[in-house]
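Have a look at the structure below before the remarks.
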2 protein chains.
Amino acid sequence: MTEHETEALCAAVGLRLTRPRRVLLRVLREATDHPSADQIFARARAHDPAIALGTVYRNLGILEEAGIVTRHAFGEGYARYELATQQHGHIIDRDSGTVVEFTDPALETTLQAIAQARGFRLADYHVKLWGERE
Amino acid sequence: MTEHETEALCAAVGLRLTRPRRVLLRVLREATDHPSADQIFARARAHDPAIALGTVYRNLGILEEAGIVTRHAFGEGYARYELATQQHGHIIDRDSGTVVEFTDPALETTLQAIAQARGFRLADYHVKLWGERE
DNA sequence: TTTGGTGCAAATTCTTTGCAGACAC
DNA sequence: GTGTCTGCAAAGAATTTGCACCAAA
């Protein structure tokens with residue numbers, strides 16, 4: 001996603017484009033990993049030392065609510081965040097903790113069918129695989 | 001799982017069958033939902049008022065480590081637990097918060113294939129679907 | 001100008017841990 | 001007996017919130 005796209009998303013939901021918000025979106029756009037709130041805070045500070053941790057949490061919540069950001073729990077005791085772009089699953093390396101993303105059309109179809117068969121309309125999904133490299 | 005089975009699992013891992021441990025296993029066996037540590041604590045207290053919250057957390061950790069219990073993060077800010085019986089996914093009702101379990105052989109196959117294709121041996125997985133009843 | 005947003009710090013919530021005594025084996 | 005496990009209480013870690021000031025629109 002480009003700077004323009006993320007900022008347009010905010011505007012569309014009625015969010016003001018404040019300095020901290022702009023910085024957060026930039027940090028998320030530039031992230032290739034799945035940073036924690038703390039990591040995001042540190043990276044944001046590099047761009048603007050005035051940003052407060054509370055502001056980071058507050059906005060991550062707001063952005064998640066708005067569907068712009070996705071929050072993940074990889075079972076480490078804290079949350080990790082990423083821009084909500086295309087739907088995808090995660091493979092977590094048991095040994096290194098590395099997180100690899102993947103997309104799979106067949107999976108998507110299967111999930112859709114599972115939800116439907118149980119009387120649900122599929123709104124969102126989280127698929128996490130833990131594995132060891134072989 | 002029966003009382004005998006869960007206790008045999010503990011013995012197999014070298015865990016002593018203490019009173020709190022027995023009570024916790026019973027609470028987990030009798031649970032039809034996915035209780036939080038707090039809920040487990042409350043239910044355990046009903047059987048034995050002497051149990052401490054710290055003991056609950058400590059044992060949930062130990063039992064998870066031993067593969068007897070599974071810890072889930074449904075994105076509520078706390079963890080939920082269940083006995084690790086058959087692998088299965090969860091559908092979370094967006095409106096009510098109800099969690100429905102499901103198993104699906106096709107899904108299992110798909111996940112296996114996805115992991116393999118990326119060079120991983122699938123060790124575990126969490127599949128969570130959020131949906132609205134239709 | 002008017003609201004929504006911010007930094008700061010204190011408060012909450014969930015979970016972990018140190019320790020002296022108790023109990024399973 | 002002895003080494004694990006417990007209850008208790010205090011500590012820790014992650015996240016949320018109240019408030020007075022600031023700045024987008």
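Worth saying up front: this structure is predicted, and the values here are computed from it rather than measured. In what follows, every chain begins at residue 1, and chains take the letters A, B, ... in the order their sequences are listed.
The side chain of B:Ala79 has C:dT15 as its nearest neighbour among C:dC19, C:dT15, C:dG5. Distance from the side chain of A:Arg58 is smallest to D:dG18 among D:dT6, D:dA24, D:dG18. Among D:dG3, D:dG7, C:dG7, the nucleotide with an atom closest to any side-chain atom of A:Thr55 is C:dG7. Considering only side-chain atoms of B:Tyr78, the nucleotide from D:dG7, C:dA24, C:dT15 that sits closest is C:dT15. Here D:dT15 is the nucleotide among C:dG5, D:dC8, D:dT15 with the atom lying nearest to any side-chain atom of A:Ala37. Closest approach to the B:Tyr57 side chain among C:dT16, C:dG7, D:dT4 is made by C:dT16 (side chain taken as heavy atoms from C-beta onward). Residue B:Leu17 places its side chain closer to C:dC25 than to any other of D:dT6, C:dC25, D:dG3.
Between A:Arg26 and A:Glu3, no side-chain nitrogen of the basic residue sits less than 4.0 Å from a carboxylate oxygen of the acidic one, so the salt-bridge criterion is not met.
For B:Arg80 (side chain) and B:His34 (main-chain N/O), a donor-acceptor pair under 3.5 Å exists by modelled atom type.
A:Arg16 places its CZ atom 16 Å from the P atom of D:dC22, with the value rounded to the nearest Å. The nearest whole Å value for the distance from the CG atom in B:Leu15 to the C1' atom in D:dT4 is 10 Å. In this structure, B:Ile51 places its CD1 atom 18 Å from P of C:dA22, rounding to the nearest Å.
For A:Arg21, a side-chain nitrogen or oxygen approaches OP1 or OP2 of C:dG5 to under 4.0 Å. The side chain of B:Thr18 contributes no N or O atom lying less than 4.0 Å from OP1 or OP2 of C:dC23.
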*What's the verdict on side-chain contact (heavy atoms from CB on, under 4.5 Å) for A:Asp38 and A:Tyr78, showing C-alpha distance, side-chain angles and the deciding distance?*
CA-CA 9 Å; A:Asp38 242 15; A:Tyr78 53 85; over 6 Å; no
